[in-house]
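Note that the structure is a prediction, hence the values are computed from the model and not measured. Just so we're on the same page: letters track the sequence lines, and every chain starts at 1.
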Amino acid sequence: MSEETMPKSYEAAAVERRWYEEWERRGYFRGNPGSGKKPYVIVIPPPNVTGMLTLGHVLNNTLQDILVRFEKMRGRETCWVPGTDHAGIATQAKVEQMLKERENVSRHGLGREKFLERVWEWKEKYGGTIVRQLRHLGVACDWERERFTLDPTLSAAVQEVFIRLYRKGLIYKGHRIINWCPKSGTALSDEEVIFKEQRGKLWHFRYPFADGSGFVTVATTRPETMLGDTAVAVNPEDARYAGLVGKKLLLPIVGREIPLIADDYVDRSFGTGAVKVTPAHDPNDYEMGLRHGLPMVNVMEDDGSMGAAAGAEFQGLDRYVCRKAVVRRLEELGLLAKVEEHLHQVGFSERGDVPVEPRLSEQWFVKMRPLAEPALAAVNDGRIRFHPERWVKTYNHWMANIKDWCISRQLWWGHRIPAYYCQGEGCREIVVAKHAPAVCPKCGGNTFKQDEDVLDTWFSSWLWPFSVFGWTGDPATDRANPELARFYPTHTLVTGPDIIFFWVARMIMAGLEFMGDVPFQDVYFTSIIRDEKGRKLSKSLNNSPDPLEVMAQYGTDALRFTIIYIAPVGQDIRYANEKCEIGRNFATKLWNVARFRLRFGTLSPEWRTLAGLAAQDLRPDDRWIIARLDAAVAGATAALDRFDFHEYSHDIYEFVWSEFCDWYLESAKAALHGPDAALQARTLRVFDHCLGTILRVMHPLMPFLTEEVWHQFGFAGESDSIMLAPWPEALGAAELERLGATPAAAALVREKFELITAIRNVRASYRVAPQAKVGVVLVPADEPRGRFLREDLRSFQVLAAAEPVEIRADYQAAGPRAVAVGAAGTAYIPLAGLIDTAGEVEKLKKQAADLAKYSQGIEGKLGNANFVARAPAAVVEAEKAKLAEAESQLARVREQLASFG
RNA sequence: GGGCAAUUAGCUCAGUUGGUUAGAGCGCUACCUUGACAUGGUAGAGGUCACAGGUUCGAGUCCUGUAUUGCCCACCA
């Protein structure tokens with residue numbers, strides 16, 4: 001391809017599809033446990049199988065892809081395991097809704113088996129959406145290892161873990177107050193409850209004493225639960241109720257006699273100081289119920305409607321309808337004392353988005369404390385590192401206060417609990433095993449019924465880092481499994497901080513418990529993406545862009561680059577589609593570097609290294625870009641090593657645009673357009689070396705564009721790929737010295753560029769047309785700078801559009817002229833007939849004032865005996881050097897002022 | 001009620017263990033379609049680093065407090 005056939009801007013769509021298929025076809029994504037190379041492994045946070053790609057996924061997976069591609073180029077055996085999560089509630093709800101809409105059947109109408117068949121059908125048909133979408137993002141996932149949490153091997157792992165924990169006494173079945181979601185009809189874990197502030201009411205009711213001696217007034221936010229009250233409690237030290245404790249009250253409407261009890265839990269200062277006690281519907285009341293041996297009356301059904309225990313009058317009513325009815329009845333009875341507005345936190349079901357009902361229920365639990373302790377240690381002794389580190393505190397706090405985990409769900413879609421109940425007459429034996437036993441060990445019966453419930457989805461997710469590699473729990477089998485041996489522990493986990501409790505903490509526990517080792521070494525917590533106004537992205541606000549549309553509009557690499565580039569360090573991201581212009585423009589910029597390069601023929605054969613080139617072969621600007629390139633490579637590598645993706649993207653952007661394109665490429669034109677073929681060849685070699693390095697350093701971030709350009713130039717043979725190219729290494733001080741690319745040499749070039757900018761400023765202020773050449777007389781600041789400026793005068797001429805340029809140490813200015821004074825020297829621009837002498841004087845005066853102020857500041861510092869005595873010598877020396885430089889420049893500015901008279 | 005963040009240019013954000021005259025992108029101003037790129041170039045304007053104290057030779061950076069905003073956790077009915 002030539003410059004003529006290369007379009008002016010990068011056309012992403014075709015390139016992306018072609019390269020992704022090619023990479024996958026060539027097996028570049030495959031992780032081979034037998035390669036002998038040091039592995040680098042990531043397991044994807046499995047998205048819900050029902051999911052669609054969101055910007056959150058884009059960020060999360062781009063980060064993982066950067067790490068995998070980076071480590072692959074560094075020679076590691078990379079393996080990134082993708083997959084999806086069966087997402088119990090979400091998936092079941094989705095299919096139920098579909099069946100309702102299309103066929104008007106409920107899951108109960110179909111029956112368990114038929115319903116599950118339909119869910120699987122649905123999963124096969126639509127479940128692959130997010131996986132297909134992820135490919136568009138260019139991710140280097142090993143698709144041959146794609147896993148699903150309900151795959152047979154993963155399900156076997158779940159069973160194995162359940163059985164083991166049960167035998168160890170860490171899983172038990174018990175009656176507890178749990179969070180009930182009336183919408184999905186299942187228990188939830190504490191983590192699945194989201195508290196939202198709600199404007200509610202606080203009702204004050206009078207409960208009469210059974211002996212007719214007056215009332216106790218109680219306050220409640222949930223009147224409907226009074227139907228299940230079995231006591232009223234006051235604080236034992238509350239003088240208002242002294243002597244009344246132990247008396248009986250008559251529960252209104254219901255007519256049940258309930259005791260007035262004393263319990264420390266009650267806060268005297270809240271409400272009336274008397275609390276109605278409903279042990280079956282409130283966790284605190286439940287505790288009190290246990291302490292005082294109270295009956296527990298459950299007045300609600302699974303769907304949140306009132307049950308038989310609520311009484312005939314209310315049975316069948318929805319809980320909120322019942323609330324109104326109860327209030328009305330109490331009002332009629334003259335027992336409603338007061339109604340207050342009340343702001344309080346109400347727990348909502350994460351998935352169902354309805355208020356959860358705390359409810360007494362028999363469920364399966366995991367005893368977490370014993371699992372938490374080693375997991376807490378692993379993070380605090382540094383075996384696992386969090387980035388940013390501050391999340392350790394959040395983790396520690398949760399782990400220190402961990403509660404038992406309710407793992408049973410009253411759903412059908414999921415891993416069915418491997419517990420079997422003996423159906424023998426009067427026998428209550430429970431057998432936890434992979435299969436029902438032939439004979440009951442207790443009664444000898446042979447009929448068993450499996451538990452109807454399934455497990456929390458996270459009960460499979462927490463095993464993900466080893467279940468994906470085929471863990472069985474059988475030591476011999478697992479030892480013989482090379483994947484488990486080579487790929488566990490994994491290395492980096494990239495996920496959102498919102499699932500520290502759901503997932504990260506539990507994976508650490510499971511890894512330590514079942515593998516005897518941490519599941520990963522580093523955890524990188526991503527930012528949360530918000531819209532421009534800082535609002536969370538959500539369907540209801542309609543502020544959630546479709547990444548596929550964005551990719552189609554701007555290009556995948558543009559989206560990838562942009563989202564990393566704009567992500568602040570450890571903070572939320574404010575995203576808007578238009579920001580993708582940053583990435584698109586950058587892609588175009590790089591594309592046009594390639595077009596420029598194509599004007600000068602094919603790739604230099606020796607582009608890979610600078611070996612054989614010596615300092616004297618190179619122009620000063622070559623030496624400068626080599627030094628800058630080296631710093632950029634070192635910076636990018638270090639940034640990725642510490643997961644500083646922000647710095648990585650900004651370093652590359654800055655280097656490519658502001659240094660390589662703005663200065664070096666323009667400077668190279670001076671050599672490339674000239675008649676000296678040897679000079680041209682040397683310059684192209686440096687140029688190609690830079691380009692080849694830039695492409696490789698950028699590849700993890702912009703895989704498609706870099707691969708395309710890599711091939712257009714023949715950086716790789718026909719069958720090769722930038723994915724297999726080695727990550728560039730910094731040259732090191734000795735090699736830089738040899739090439740003359742030292743900091744001192746680079747500083748001289750920078751000074752030159754600064755002087756050129758000053759000259760351009762003069763040109764702009766006098767409205768000199770960009771193409772117009774102006775003559776310049778250059779008086780170097782000193783002899784060494786004079787020699788340096790003479791070294792490559794052509795570059796100066798081209799960059800400043802100055803011709804002729806005379807370098808004269810002895811020049812005495814006279815007559816009207818514009819002046820630019822810089823560290824490198826003083827530039828005189830005659831500009832006959834245009835000069836505004838007053839303006840020049842004004843400009844110089846301002847410059848003199850600035851320099852004087854600057855010098856004074858430094859002099860003040862150096863005049864301070866404490867500074868000289870206490871500051872490090874290097875700092876003092878640097879200040880002295882700065883002062884000398886400023887004073888020399890100031891002297892030259894004053895000289896100019898004087899000569900202007 | 002606890003905890004964690006944040007507060008730097010009009011906007012969104014950088015700013016390594018305290019040490020150049022505090023930077024970038026977008027936006028803004030002027031000029032420019034010059035043979036890589038107008039998805040561009042050149043030059044420029046724009047900030048008492050939230051506030052008040054303190055430590056230090058030296059503070060955007062460390063400490064204390066205050067204010068504002070956001071998030072997480074928490075059994076006050």
Side-chain angles (χ1 to χ4, degrees), chain A residues 3 6 8-10 177 195 202 218-222 225 233 265-267 269-278 282-287 342 344-345 358 388 390-391 393-394 397-398 401 497-498 500-501 528 532 534 554 558 565-576 578-579 581-599 638 642 644 646-647 650 653-654 658 661-662 665-666 669 673 757 760-765 767-771 801 850-851 853-854 857-858 861 864-872 874-876 878-879 881-882 886:
Chain A
E3 190 203 1
M6 213 173 155
K8 268 196 168 185
S9 54
Y10 168 62
I177 290 273
F195 286 93
L202 189 63
V218 299
T220 182
T221 54
R222 306 177 58 216
T225 64
Y265 161 74
V266 182
D267 177 356
S269 61
F270 188 90
T272 61
V275 186
K276 60 188 267 315
V277 182
T278 322
D282 181 279
N284 300 303
D285 292 9
Y286 175 71
E287 293 298 324
H342 186 63
H344 61 145
Q345 301 284 328
R390 65 184 152 87
W391 292 109
K393 277 202 177 187
T394 307
H397 183 258
W398 187 73
N401 297 288
D498 50 329
I500 289 185
F501 310 140
I528 291 168
E532 276 175 301
Y554 293 97
Y565 185 85
I566 66 172
V569 182
Q571 299 298 317
D572 294 351
I573 298 175
R574 295 197 178 212
Y575 174 89
E578 306 77 67
K579 290 193 177 179
E581 289 174 11
I582 300 170
R584 182 201 58 190
N585 295 354
F586 187 46
T588 304
K589 190 74 179 174
L590 196 83
W591 184 253
N592 279 290
V593 170
R595 287 184 73 233
F596 168 78
R597 176 58 187 83
L598 275 173
R599 298 171 59 85
R642 59 172 189 273
D644 191 342
H646 181 275
E647 173 137 343
H650 281 257
Y653 186 89
E654 170 73 14
S658 306
C661 291
D662 286 352
L665 188 149
E666 294 300 327
K669 285 177 180 172
H673 288 305
T757 298
R760 287 170 175 173
N761 188 341
V762 168
R763 297 176 54 108
S765 64
R767 307 270 157 115
V768 177
Q771 319 81 304
D850 288 348
L851 282 165
K853 192 180 160 205
Y854 178 54
I858 303 176
K861 255 189 197 180
N864 182 335
N866 273 325
F867 172 71
V868 179
R870 301 193 192 191
V875 173
V876 177
E879 292 296 318
K882 285 190 296 191

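One can place CZ of A:F867 at 13 Å from C1' of B:U56, the figure rounded to the nearest angstrom. Taking atom NZ of A:K861 as the reference point, atom C1' of B:A59 lies 11 Å away to the nearest angstrom. Atom C1' of nucleotide B:U48 and atom NZ of A:K853 are separated by 11 Å, given to the nearest angstrom. Rounding to whole angstrom units, CG of residue A:N592 and C1' of B:G35 are separated by 13 Å. Rounded to whole angstrom, the span from the NE2 atom of A:H673 across to the P atom of B:U34 amounts to 15 Å. Counting to the nearest Å, the P atom of B:C72 and the CZ atom of A:R390 are 13 Å from each other. Counting to the nearest Å, the P atom of B:G25 and the OH atom of A:Y653 are 6 Å from each other. Remark: P of B:G3 and CG of A:N401 are 14 Å apart, rounded to the nearest angstrom.
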Annotated structure of RNA chain B as dot-bracket, pair cut-off 3.5 Å, Watson-Crick or G-U only, | for inter-strand, is (((((((..((((.....[...)))).(((((.......))))).....(((((..]....))))))))))))....
Can you name the atoms? Protein N/O to nucleotides 39-42 of chain B N/O, anything below 3.5 Å, with the distance.
residue	atom	partner	partner atom	Å
B:U39	O4'	A:R584	NH2	3.2
B:U39	O4'	A:N585	OD1	3.0
B:U39	O2	A:R584	NE	3.4
B:U39	O2	A:T588	OG1	2.3
B:G40	OP1	A:N585	ND2	2.9
B:G40	O3'	A:K589	NZ	3.2
B:G41	OP1	A:K589	NZ	3.0
B:G41	OP1	A:W657	NE1	2.6
B:U42	O3'	A:R760	NH1	3.4

Return the polar atom pairs (N/O with N/O) between nucleotides 28-30 of chain B and the protein under 3.5 Å, or none.
residue	atom	partner	partner atom	Å
B:A30	O2'	A:R767	NH2	3.3

Show each protein N/O and nucleotides 9-16 of chain B N/O combination with a separation under 3.5 Å, one pair to a line.
residue	atom	partner	partner atom	Å
B:A14	OP1	A:V569	N	2.6

Might you list the N or O atoms of the protein lying below 3.5 Å from N or O atoms in nucleotides 73-77 of chain B, with each pair's distance?
residue	atom	partner	partner atom	Å
B:C75	O2'	A:N284	ND2	2.9
B:C75	N1	A:N284	OD1	3.3
B:C75	O2	A:N284	OD1	3.1
B:C76	O2	A:D267	OD2	2.6
B:C76	N3	A:D267	OD2	2.9
B:A77	O2'	A:A219	O	3.2
B:A77	N6	A:D267	O	2.6
B:A77	N6	A:F270	O	2.9
B:A77	N1	A:D267	N	3.2

As a quick check of understanding, evaluate side chain to side chain contact (heavy atoms under 4.5 Å, CB included) for A:E647 and A:V569, giving each step before the final call.
CA-CA 9 Å; A:E647 173 137 343; A:V569 182; over 6 Å; no
Using the rule given for side chain to side chain contact (heavy atoms under 4.5 Å, CB included), can you reason through A:V875 versus A:F867, listing the C-alpha separation, both sets of side-chain angles and the distance that settles it, and then say yes or no?
CA-CA 10 Å; A:V875 173; A:F867 172 71; 4.0 Å; yes
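At a threshold of 4.0 angstrom between heavy atoms, the contacts of A:P872 include nucleobase atoms, whether or not backbone atoms are also involved.
Taking the P atoms as reference points, B:U56 lies 16 Å from B:C63, given to the whole Å. For the C1' atoms, the distance from B:G53 to B:A74 is 34 Å, rounded to whole Å. Nucleotides B:G27 and B:G41, compared at atom P, are 12 Å apart to the nearest Å.
When the side chain to side chain contact (heavy atoms under 4.5 Å, CB included) test is applied to A:A769, the partners found at least two apart in sequence or on another chain are A:Q771, A:A772. Under the side chain to side chain contact (heavy atoms under 4.5 Å, CB included) criterion, A:S9 pairs with A:T588, sequence neighbours left out. Judged as a salt bridge (Lys or Arg N to Asp or Glu O under 4.0 Å), and not counting sequence neighbours, A:D662 has no contacts. Shown here are the salt bridge (Lys or Arg N to Asp or Glu O under 4.0 Å) partners of A:R763, two or more places apart in sequence or in another chain: there are none. In terms of the side chain to side chain contact (heavy atoms under 4.5 Å, CB included) criterion, residue partners of A:A233 (sequence neighbours excluded) are, by chain and number, A:I261, A:V266, A:V277, A:M288. Here A:H397 pairs with nothing under the ring pair (Phe, Tyr, Trp, His ring centres under 6.0 Å) rule; sequence neighbours left out. By the side chain to side chain contact (heavy atoms under 4.5 Å, CB included) test, A:Y565 is found to be paired with A:F561, A:I582, A:S649, A:H650, A:Y653, residues two or more places apart in sequence or in another chain being considered.
Mapped onto RNA chain B by nearest heavy atom, A:E666 and A:V768 fall at different nucleotides, with A:V768 at the one closer to the 5' end.
Phosphate contact (OP1/OP2 of B:C4, side-chain N/O of A:K393, threshold under 4.0 Å): present. Phosphate contact (OP1/OP2 of B:U20, side-chain N/O of A:K882, threshold under 4.0 Å): absent. Checking the phosphate oxygens (OP1, OP2) of B:A36, a side-chain nitrogen or oxygen of A:K669 falls inside 4.0 Å.
Checked by atom type and distance alone, the side chain of A:K882 never pairs as donor or acceptor with a backbone atom of A:Y854 at under 3.5 Å.
The shortest side-chain heavy-atom distance between A:L665 and A:F596 falls under the 4.5 Å cut-off. Between A:I566 and A:I573 the shortest side-chain heavy-atom distance falls below 4.5 Å.
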